[in-house]
Amino acid sequence: MTLSLNIGNLFNDSHSHALVDELRKRTSEKDILEFEEKFNSKNEKNLHIYICRFLKNRSISRGLASRWLVTIIKNKESKINALQKLNN
């Protein structure tokens with residue numbers, strides 16, 4: 001199944017399963033961040049919202065969710081730190 005990155009308000013089982021499959025496929029930090037950027041540019045809600053929903057509904061493992069969330073958060077923190085250094 002091909003995942004349309006624009007899942008919008010349609011969060012049915014087939015879309016959620018496809019998204020979980022995409023999350024499982026990407027293991028490198030680079031792949032994770034590239035997917036997050038594409039996903040966020042085409043959807044109303046950011047990827048971390050969906051990951052948290054999956055975690056809450058026990059649709060994905062804690063390990064998978066933590067890998068993605070830690071990668072996303074570290075990336076955001078490094079961007080913030082870089083901007084702070086530019087402003088100082």
Side-chain angles (χ1 to χ4, degrees):
M1 172 194 262
T2 301
L3 173 68
S4 170
L5 287 178
N6 188 358
I7 62 174
N9 292 329
L10 300 172
F11 202 72
N12 60 33
D13 283 343
S14 65
H15 283 105
S16 64
H17 290 303
L19 181 54
V20 170
D21 288 343
E22 289 299 316
L23 296 176
R24 287 184 180 131
K25 281 183 200 176
R26 289 161 170 77
T27 56
S28 75
E29 191 172 304
K30 180 183 176 196
D31 288 343
I32 290 171
L33 295 174
E34 285 175 357
F35 182 79
E36 182 213 10
E37 186 176 333
K38 276 194 260 184
F39 185 91
N40 289 349
S41 71
K42 297 182 180 192
N43 290 281
E44 290 176 19
K45 295 183 180 161
N46 288 335
L47 182 60
H48 69 272
I49 300 294
Y50 291 100
I51 293 171
C52 290
R53 280 188 192 167
F54 290 148
L55 191 55
K56 179 183 173 212
N57 296 332
R58 298 180 182 203
S59 302
I60 59 174
S61 71
R62 291 176 291 181
L64 178 62
S66 66
R67 179 175 3 129
W68 274 78
L69 293 173
V70 165
T71 301
I72 291 169
I73 290 168
K74 278 184 180 178
N75 183 54
K76 300 295 183 227
E77 286 177 344
S78 68
K79 287 180 180 179
I80 290 169
N81 289 337
L83 287 172
Q84 286 177 335
K85 288 179 183 177
L86 286 174
N87 289 327
N88 290 334

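- For the atom pair CZ (R53) and OG (S59), the distance works out to 11.0 Å, reported to the nearest 0.5 Å.
- For the atom pair CG of D31 and CG of L23, the computed distance is 12.0 Å after rounding to the nearest 0.5 Å.
- Separation of atoms CD1 (I72) and NZ (K74) is listed at 12.5 Å; rounding is to 0.5 Å.
- Counting all heavy atoms, side chain and backbone alike, L47 lies closest to E36 at CD2-CA, 3.9 Å.
- Counting non-hydrogen atoms of neighbouring residues, nucleotides and ligands closer than 6.0 angstrom, the CD atom of E29 reaches no more than 12 such neighbours.
- Rounded to the nearest 0.5 Å, atoms CD1 (I51) and CZ (F39) are 8.5 Å apart.
- The shortest non-hydrogen separation linking A65 to I60 is CB-CD1, 3.6 Å.
- Here L19 contributes atom CG and R24 contributes atom CZ; the two are 10.5 Å apart, rounded to the nearest 0.5 Å.
- Residues meeting the side chain to side chain donor-acceptor pair (under 3.5 Å) test with R26, sequence neighbours left out: E22.
- Residues passing the side chain to side chain donor-acceptor pair (under 3.5 Å) test with S78, sequence neighbours excluded: none.
- Between W68 and Y50, every side-chain heavy-atom pair lies at or beyond the 4.5 Å cut-off.
- Residue L55 is not grouped with residue L64 when hydrophobic side chains (ILVMFWY) are merged at heavy-atom distances under 4.5 angstrom, including chains of intermediate members.
- Put simply, the side chain of N40 does not reach to within 4.5 Å of the side chain of H48, judged on heavy atoms.
- One N or O on the side chain of N81 and one on the backbone of E77 form a donor-acceptor pair closer than 3.5 Å.
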